[in-house]
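Each remark here refers to the structure printed beneath this line.
Counting starts at 1 for both ligands and their atoms, following the listed order.
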Amino acid sequence: MIIARADTPVGEVVLRRRDDVDELVVNGVFAMDSAEVTSELALADAAGSPPGRVLVGGLGLGYTAARLLDAGAERVKVVELADPLITWAREGVTAQLGRVAADPRSELVDGDIVDHLDGTWDAILLDVDNGPTFLIHDHNRRVYAEAFLRRCLQALTEGGRLVVWCETASPELASTLERIAGAVELISVPVTRQGRSFTYALYRVVRTTGGYSPPWL
Ligand SMILES: C[S@@+](CC[C@H](N)C(=O)[O-])C[C@H]1O[C@@H](n2cnc3c(N)ncnc32)[C@H](O)[C@@H]1O
């Protein structure tokens with residue numbers, strides 16, 4: 001059943017519900033559902049504990065943002081390209097989106113993360129597309145490009161973390177991140193979805209301008 005649908009300048013956004021599972025389809029491509037959110041939660045956990053002030057690219061169904069809030073984040077700013085999702089969050093169209101919107105520590109901003117990178121953050125989490133290997137929006141190529149990733153790193157506090165969600169490992173992205181940050185960590189997240197196995201990839205880098213060493217080095 002379709003519970004919400006809207007056309008946006010970057011394509012159609014649809015929220016569907018089957019049984020008790022919410023599903024998000026963006027631009028005709030399955031983006032995610034609420035049945036399997038291990039990697040969305042792992043993305044939030046990769047911000048560190050407590051997460052501090054976090055900038056998130058991509059609201060989706062709100063699982064990453066909600067996890068950050070549950071983990072005691074001081075502030076969570078979420079930039080979302082499809083503005084109907086923000087409206088639906090404020091209307092509480094799904095319980096999860098509703099609780100993210102209602103939390104006084106969260107701020108939902110309509111726009112493209114590349115154009116809304118301001119301020120200083122303890123973590124920046126990017127989950128706006130399937131990753132550089134399988135883009136839903138072609139214009140998101142710039143999200144995975146060195147220039148933007150370098151800007152993200154510069155917007156972090158010392159020891160702050162930049163984490164990028166990908167539908168599969170991307171050696172090219174890994175080497176870009178290694179080049180700008182000195183070291184990159186791959187966090188593999190195996191999931192089973194409707195009987196099929198996938199291994200999603202989270203790439204994490206840490207801003208180190210002084211003597212700080214990331215815990216995995
Ligand atoms: C897979 S979903 C994010 C899932 C989210 N982590 C969660 O827990 O539900 C990707 C979201 O990013 C949004 N998006 C796509 N490109 C974007 C961009 N350049 N800037 C901000 N949001 C973007 C999509 O509209 C979609 O809502």
Exercise. Would you indicate whether the side-chain heavy atoms of Val76 and Arg105 approach each other to under 4.5 Å?
Key: no
Quiz item: Which of the numbered atoms in ligand 1 are below 4.0 angstrom from a heavy atom of Tyr63?
Solution: 7 (C), 8 (O), 9 (O)
Practice problem: For the residue pair Thr94 and Leu15, establish whether any side-chain heavy-atom pair is separated by less than 4.5 Å. | Solution: yes
Self-check item: Pairing of Arg67 and Glu40 as salt bridge, 4.0 angstrom limit
Solution: no
Exercise. Answer yes or no: does atom CD of Glu172 have more than 12 heavy-atom neighbours from other residues, nucleotides or ligands under 6.0 Å?
Key: no
Practice problem: Could you pull out, from Asp127, Asp129, Asp115, the option with a heavy atom nearest to atom 3 (C) of ligand 1? | Solution: Asp127
Quiz item: Using a distance-only test with no angle check, is there a side-chain donor-acceptor pair under 3.5 angstrom linking Thr176 and Glu146?
Solution: no
Exercise. With atom 12 (O) of ligand 1 as the reference point, say which of Gly60, Gly58, Ala66 has the nearest heavy atom.
Key: Gly58
Quiz item: Which heavy atom in Thr38 sits nearest to a heavy atom in Val189, and how many Å separate them?
Solution: CG2-CG1, 4.0 Å
Exercise. Specify side chain, backbone, both or neither for Met32, according to which of its non-hydrogen atoms lie closer than 4.0 Å to ligand 1.
Key: side chain
Practice problem: Determine whether the side chain, the backbone, both or neither of Val56 has a heavy atom under 4.0 Å from any heavy atom of ligand 1. | Solution: neither
Self-check item: Selected option - heavy-atom contact closest to atom 25 (O) of ligand 1, from Glu80, Arg67, Arg142
Solution: Glu80
Quiz item: Tell me, which protein residue and heavy-atom name are nearest atom 19 (N) of ligand 1, and how many Å apart are they?
Solution: Asn140 OD1, 2.8 Å
Quiz item: Under 4.0 Å from ligand 1, counting heavy atoms only, is it the side chain of Leu59, its backbone, both or neither?
Solution: backbone
Exercise. Quick one: look up the protein heavy atom nearest atom 20 (N) of ligand 1 and list residue, atom name and how far away it is.
Key: Ile113 N, 3.0 Å
Quiz prompt | Contacting atoms of ligand 1, where contact means under 4.0 angstrom from a heavy atom of Asp112 | solution = 18 (C), 19 (N), 20 (N)
Exercise. Just jot down the ligand 1 atoms closer than 4.0 angstrom to any heavy atom of Gly111, in number order.
Key: 20 (N), 21 (C)
Quiz item: Hey, does Asp112 have a side-chain heavy atom less than 4.5 Å from the side chain of His137?
Solution: no
Quiz prompt | Single-linkage hydrophobic cluster Leu24~Met1, side-chain heavy atoms < 4.5 angstrom | solution = yes
Quiz item: N/O of Thr64 under 3.5 Å from N/O of ligand 1, yes or no?
Solution: yes
